[in-house]
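One structure is given here, and the rest of the page talks about it.
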Amino acid sequence: MTRYHPGELAVQQRMGQEAIATRVGRMIRTEVPETAAAFLAEQPMVVVTAADDESRMWTSLIAGPPGFVRADDARTIIIDALPAAGDPLRDVLRGPRQIGMIAIEPQTRRRMRVNGTAEPSGTGLRVHPEQVYSNCPKYISRRDIVEVGSATELPRAHRGESLTDRQQALMMSADAFFVGSADATGNADASHRGGNPGFLQVLSPRRLRWPDYRGNSMFMTLGNIDANPRCGLLVVDWASGSTIQLTGTAEINWDEADPNAGAQCAVDFTVDAVVELTHVSPLRWGTAELSPANPDLP
C-alpha cells in the first residue's frame, strides 16, 4: 500500500478525497510490469525532473530512437541518453540523484510515471524505481509525429531571469506542459498538465498561474508543493523540437478554485530562471487534437 507523505495527506484531506486516494494508491508498484516495459521500449522521448546542486528543480526532455528507454528487469530502467547539451540537468545527472520520470505517448494519450533514484550508466542513466504507475488519458492532446529531423545540430541556449515577449506568447498558446516537484526529503516527481490553450496564464514576465483540474486524487504534485515550493516547468514547442525550462517556486492558490471551470484550485508559479534550448528533440509533431476532457476556459 502506498504511504503518502504529509503534504499529500494534507491536500487529500482538504479536498475530501482521502478514501479515493487510498483506493487509487493501490495501483502504484515498485516494479515495472511487462506491459509497462513494452510501453517504455516504444517511446522516442521521456521527461525527467531532478534538483540541481542548489536544490532548484529542473524538468528536461530526453529524446532518442525507440528502445533508448528500456526495462532491463522489473527493478531497473535504462535511459541510453542524457538531457541535451546546455540543459541544466545534463551535468547534474552524471551523479546519483532522486528523479521523477514520465513517458507520454501523445498519439494514444497514454502515459506512465516512474519515481526513484538514478545513477550514471554508460552514456545515460540507470533508474531504480520506487513508484511505477500509469495515469488516465485525461487532458492529453493527441498529436502525431510528422517528421524526424536531424539530431546532429547542437542546441543553442538562451538564458534569463524572466520570460521574453516571445516566450510568454508560447506559454499562452500551450496546451500542455510538464511540472517537476519534490517532497520535503527530495523525492522527485514529474507530471503532465494539459488544457485548452490559455490555461497556462502569464500574469507577468515572472509570474504564471494554471488551474489544477481534477485527476487521480493522489495529489502528488500539489502535495509536493505543499511540502516544498520548489518546482521546475518544461514547455515543449512541438513543431520545432525546442524547449523552455523554468525553475522557481510554486504555491497553491485555494481562492482560485472554480468548480464550474473544473478547477479544484490554482497554482501560482514565480520564475527564478529561464533556459530556452533549440534542437532538443528531432521529433516534429503535427497539429494537436485537444482532449475532450479539457474544461472550457472562463
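Remember, predicted model here, so these are calculated numbers, not experimental data. Just so it is clear, the values below take in all heavy atoms, side chains as well, and ignore hydrogens, waters and symmetry mates.
Using cut-offs of 30° and 60° for the angle between ring planes, the Y213 and Y139 rings count as tilted.
A salt bridge links E251 with R207: the closest approach of a Lys/Arg side-chain nitrogen to an acidic carboxylate oxygen falls below 4.0 angstrom. Ion pairing between a basic and an acidic side chain is recognised when a charged N comes within 4.0 Å of a carboxylate O; D189 and R113 show such pairing. A salt bridge does not link D80 with R126: every distance from a Lys NZ or Arg NE/NH1/NH2 to an Asp or Glu carboxylate oxygen is 4.0 Å or more. In summary, E31 and R29 do not engage in a salt bridge, as defined by a charged side-chain N under 4.0 Å from a carboxylate O. Classification of E105 and R142 as a salt-bridged pair fails, no side-chain N sitting under 4.0 Å from a carboxylate O.
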Inset, instruction - Take T221 and S191, measure what side chain to side chain donor-acceptor pair (under 3.5 Å) needs, and give me the verdict at the end. - result: CA-CA 7 Å; T221 299; S191 63; 2.9 Å; yes
Inset, instruction - Could you walk me through whether S60 and Q245 pass the side chain to side chain donor-acceptor pair (under 3.5 Å) test, one step at a time? - result: CA-CA 7 Å; S60 306; Q245 296 164 275; 3.2 Å; yes
Inset, instruction - Take N224 and N228 through the test side chain to side chain donor-acceptor pair (under 3.5 Å) and record every step on the way to the result. - result: CA-CA 6 Å; N224 283 349; N228 173 8; over 6 Å; no
Legend entry - Derivation of the side chain to side chain contact (heavy atoms under 4.5 Å, CB included) call for T30 and R75: CA-CA 7 Å; T30 57; R75 294 287 297 140; 4.0 Å; yes
Legend entry - Check against side chain to side chain contact (heavy atoms under 4.5 Å, CB included), Y133 and M220: CA-CA 12 Å; Y133 62 103; M220 289 184 165; 2.8 Å; yes
Inset, instruction - Walk me through it: do F269 and F177 pass the test ring pair (Phe, Tyr, Trp, His ring centres under 6.0 Å)? - result: CA-CA 13 Å; F269 181 83; F177 67 96; 8.9 Å; no
Legend entry - Derivation of the side chain to side chain contact (heavy atoms under 4.5 Å, CB included) call for L222 and E8: CA-CA 7 Å; L222 291 186; E8 293 165 332; over 6 Å; no
Inset, instruction - List the steps and the verdict of side chain to side chain donor-acceptor pair (under 3.5 Å) for W285 and D144. - result: CA-CA 6 Å; W285 299 82; D144 294 310; over 6 Å; no
Legend entry - Working for side chain to side chain contact (heavy atoms under 4.5 Å, CB included), residues H279 and R156: CA-CA 8 Å; H279 311 297; R156 296 192 306 273; 3.7 Å; yes
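Contact detail for G25 and M218: the closest heavy-atom pair is CA-SD, 3.9 Å. Across all their heavy atoms, G241 and R284 have their closest contact at CA-NH1, 3.7 Å. Among all heavy-atom pairs drawn from M101 and A190, the shortest one is N-CB, 4.0 Å. In terms of heavy-atom proximity, P197 sits nearest to L297 at O-CD1, 3.2 Å. For the pair D175 and S141, the tightest heavy-atom approach, listed with the atom from each and the gap, is OD1-OG, 3.0 Å. Summarising the geometry of V275 relative to P88, their closest heavy-atom pair is CG2-CG, 3.9 Å, with the distance given to 0.1 Å.
Between the CG atom of L93 and the OG atom of S121 there is a distance of 13.0 Å, given to the nearest 0.5 Å. The OG atom of S217 sits 8.0 Å away from the CZ atom of R23 when rounded to the nearest 0.5 Å. Between the NZ atom in K138 and the CZ atom in R111 there is a gap of 9.5 Å [rounded to 0.5 Å]. If you take CD on Q264 and CE on M15, they are separated by 4.5 Å, rounding to the nearest 0.5 Å. The line from CG of L234 to OG1 of T247 is 12.0 Å long, rounded to the nearest 0.5 Å. For the atom pair Q17 CD and F219 CZ, the distance stands at 4.0 Å (nearest 0.5 Å).
V267 is connected to L163 through a chain of hydrophobic side-chain contacts under 4.5 Å among Ile, Leu, Val, Met, Phe, Trp and Tyr, so both are in one cluster. Hydrophobic clustering (side-chain heavy atoms under 4.5 Å, transitive across Ile, Leu, Val, Met, Phe, Trp, Tyr) groups V202 together with V235. The hydrophobic cluster containing L170 also contains L233, counting ILVMFWY residues as joined when their side-chain heavy atoms lie under 4.5 angstrom apart, directly or transitively. Each of I28 and I104 belongs to its own hydrophobic cluster when Ile, Leu, Val, Met, Phe, Trp and Tyr are linked at side-chain heavy-atom distances under 4.5 angstrom. Hydrophobic cluster membership differs between V236 and L246, with clusters built from Ile, Leu, Val, Met, Phe, Trp and Tyr side chains linked at under 4.5 angstrom.
At least one donor-acceptor pair closer than 3.5 Å links the side chain of D183 to the backbone N or O of N187. Between the T22 side chain and the E18 main chain, a donor and an acceptor come within less than 3.5 Å of each other.
In R90, the CZ atom is crowded: over 12 heavy atoms of neighbouring residues, nucleotides or ligands sit closer than 6.0 Å.
Applying side chain to side chain contact (heavy atoms under 4.5 Å, CB included) to D87 and the options T243, L82, L277 leaves one that passes, L277.
The side-chain heavy atoms of I140 and S291, taken from C-beta on, include no pair separated by under 4.5 Å.
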